[in-house]
Asks: 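The structure's right below; bear with me while I get my questions together.
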Protein chains: 2
Amino acid sequence: MMGGVRAAERSPTTGGYSKGRIRREDILGAAVAMYAEAGYHGSSLREIARRVGITHAGLLYYFPSKEALLAAVLERRDAEDGEREHLTGPPGLEALLRLIGLAAYNVRHPGIVELYSRLAAEAVAADHPAHEYFEQHYRMAREYAAESFRALAAEGRLREGVDPEYAALTLVALMDGLQVQWLSDRGRVDLVGSLRRYVAGQLRGPLE
Amino acid sequence: MMGGVRAAERSPTTGGYSKGRIRREDILGAAVAMYAEAGYHGSSLREIARRVGITHAGLLYYFPSKEALLAAVLERRDAEDGEREHLTGPPGLEALLRLIGLAAYNVRHPGIVELYSRLAAEAVAADHPAHEYFEQHYRMAREYAAESFRALAAEGRLREGVDPEYAALTLVALMDGLQVQWLSDRGRVDLVGSLRRYVAGQLRGPLE
DNA sequence: CCTACCGATCGGTAGG
DNA sequence: CCTACCGATCGGTAGG
């Protein structure tokens, strides 16, 4: 599901935020929580607004439409420090471990996993406003993983019979599927361990 | 996602169906299509009714509430020949291949995959009317797969280092994740091939 | 099965 | 940011 990495807390003493910016952040936070609980279609502007103590018309002063709010949520996720850096190093084993590290981060922030699982599932529909966003994310994740497996193959570190494209597709599918199962039974599913085990199973030698 | 196998067509000359039964079947079919397209919450009784040429009040004559209609859809799926039989043989390699055979069936019936992917994702929410249904289905699938891998382990046919519980969890997660990716890019994803490859990778010898 | 209705809720706008 | 409103849509019921 590719949840992004959240930014390190900015110093609250910075004072660089106007009151409007703070309000905007409050709204975005409430929207993330709501989307995670109820999905996009299941989240009303009135309920999101109620959670930050304003009316839905007040919310529309900050975000001109329901879709604009969703777009802002996704943009913020992308903008937050981490994701881009984490997924931009050179492909290879370290890149795959970074991908798993992202899953490890997500396990400590279940809200993000819920948000992405919910939205990604809804966004399978071609007319969903987040459809393209997720399509692009999946494609990027697959390509990044595929390049990493190809790099390992070039070094002769892939087990015989392992195809880089297949391994990449499987890894991404596994991250998705495991996150959903983890959501419904957190005690029983070792998300990070299962992913490490999977990657290790594709390699000739040990993991690191 | 565990889509069930559809019944072989019953003879249309049977005549055992009253007009009311036919209408009920029409409604169920339209509901399945709508749930696949828009999910449960996104499907209105009025639109489902419109597709079968009646009013939404007319639909409520056959199914007393929106939840009752969903329950009927899921019950019919379970009742349909195949699922129970297909997933009730003795655990083992053949059972795993039956599971994959189910995926193969689903690939030829994308509507079922969409229905299950959509509903399963929505039903992660604890208050969703299909929540328990999917929880039970996942648990059953995992246990069936785990027993199969344990049987293989007892015969010494599992590769060294492969844990039956882990392999089962991963297989089910993989089926889920791959189905979603397949839905969004059917040309690029070989659902059945990927699953066979995964199972083969857990074994010491060849697949069959 | 339908017409006709109910109360509730939705996203969005006007106008301040 | 709010009050006040709009048109649309929702699931469900009454009464036939």
Side-chain angles (χ1 to χ4, degrees), chain A residues 17-75 118-119 122-123 125 127-131 133, chain B residues 17-75 118-119 122-123 125 127-131 133:
Chain A
Y17 292 129
S18 65
K19 191 171 149 198
R21 256 189 96 88
I22 290 176
R23 213 1 96 78
R24 270 182 67 94
E25 290 299 313
D26 282 352
I27 295 171
L28 287 175
V32 165
M34 264 252 73
Y35 293 163
E37 289 170 33
Y40 170 72
H41 291 305
S43 300
S44 73
L45 297 180
R46 280 171 171 86
E47 173 62 15
I48 295 170
R50 198 195 56 76
R51 293 187 182 194
V52 290
I54 62 176
T55 65
H56 91 284
L59 189 159
L60 287 167
Y61 167 78
Y62 289 101
F63 301 95
S65 72
K66 194 184 183 187
E67 279 197 27
L69 177 58
L70 173 62
V73 164
L74 298 177
E75 272 164 31
R118 274 298 228 146
L119 284 187
E122 256 185 307
D127 62 346
H128 193 284
H131 183 73
Y133 175 88
Chain B
Y17 291 129
S18 65
K19 193 172 148 198
R21 257 190 95 89
I22 291 175
R23 214 1 95 79
R24 270 182 68 95
E25 289 301 312
D26 283 352
I27 294 171
L28 288 174
V32 165
M34 264 251 75
Y35 294 163
E37 288 169 34
Y40 170 71
H41 290 307
S43 299
S44 73
L45 297 180
R46 279 171 172 84
E47 173 62 16
I48 295 170
R50 197 196 56 77
R51 295 186 182 195
V52 290
I54 62 175
T55 65
H56 91 284
L59 190 159
L60 287 166
Y61 166 77
Y62 290 101
F63 300 95
S65 73
K66 194 183 183 189
E67 278 196 29
L69 177 57
L70 173 62
V73 165
L74 298 177
E75 273 165 31
R118 275 298 232 146
L119 284 187
E122 255 186 307
D127 61 346
H128 193 284
H131 182 74
Y133 176 88

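Within every chain, numbering begins at 1; the chains are lettered A, B, ... in the order of the sequence lines, protein sequences first and strands thereafter. All values below come from the heavy atoms of this structure, side chains included, with hydrogens, waters and symmetry mates left out.
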Asks: Output all residues satisfying side chain to side chain contact (heavy atoms under 4.5 Å, CB included) with A:Ala71, sequence neighbours left out; order by chain, then residue number.
Replies: A:Glu75
Asks: Checking B:Glu47 now: which residues fulfil salt bridge (charged side-chain N to carboxylate O under 4.0 Å, His left out) with it, not counting sequence neighbours?
Replies: B:Arg50, B:Arg51
Asks: Enumerate the residue pairs fulfilling side-chain hydrogen bond (donor to acceptor under 3.5 Å, both in side chains) with a member in residues 59-73 of chain B, sequence neighbours excluded, ordered by first and then second residue.
Replies: none
Asks: Which of residues 30-38 of chain A sit near DNA chain D, with a heavy atom under 4.0 Å from it?
Replies: none
Asks: So if I define the base as every atom that isn't primed, P, OP1 or OP2, how would nucleotides 3-16 of chain C read as a B/S/- string at a heavy-atom cutoff under 4.0 Å?
Replies: B-B----BBBB---
Asks: Going by side-chain hydrogen bond (donor to acceptor under 3.5 Å, both in side chains), name the residues that satisfy it together with B:His131, two or more places apart in sequence or in a different chain.
Replies: B:Glu135
Asks: Which pair of non-hydrogen atoms, one from A:Ser43 and one from A:Ile48, has the smallest distance, and what is that distance?
Replies: CB-CD1, 4.3 Å
Asks: Tell me which pairs pass salt bridge (Lys or Arg N to Asp or Glu O under 4.0 Å) where either residue lies in residues 52-61 of chain B, with sequence neighbours left out.
Replies: none
Asks: For B:Tyr40, check ring pair (Phe, Tyr, Trp, His ring centres under 6.0 Å) against everything at least two apart and list the hits.
Replies: B:Tyr35, B:His128
Asks: For B:Ala72, check side chain to side chain contact (heavy atoms under 4.5 Å, CB included) against everything at least two apart and list the hits.
Replies: B:Leu28, B:Phe63
Asks: Could you tell me which residues satisfy side chain to side chain contact (heavy atoms under 4.5 Å, CB included) with B:Val52, sequence neighbours excluded, listed by chain and number?
Replies: B:Asp26, B:Ile27, B:Ala30, B:Ile54
Asks: Any chance you could encode DNA chain D as dot-bracket? Rule is Watson-Crick or G-U wobble with both distances under 3.5 Å; [ ] for pairs crossing earlier ones, | for another strand.
Replies: ||||||||||||||||
Asks: Which residues pass the side chain to side chain contact (heavy atoms under 4.5 Å, CB included) test with B:Leu74, not counting sequence neighbours?
Replies: B:Leu70, B:Leu119, B:Ala130, B:Tyr133
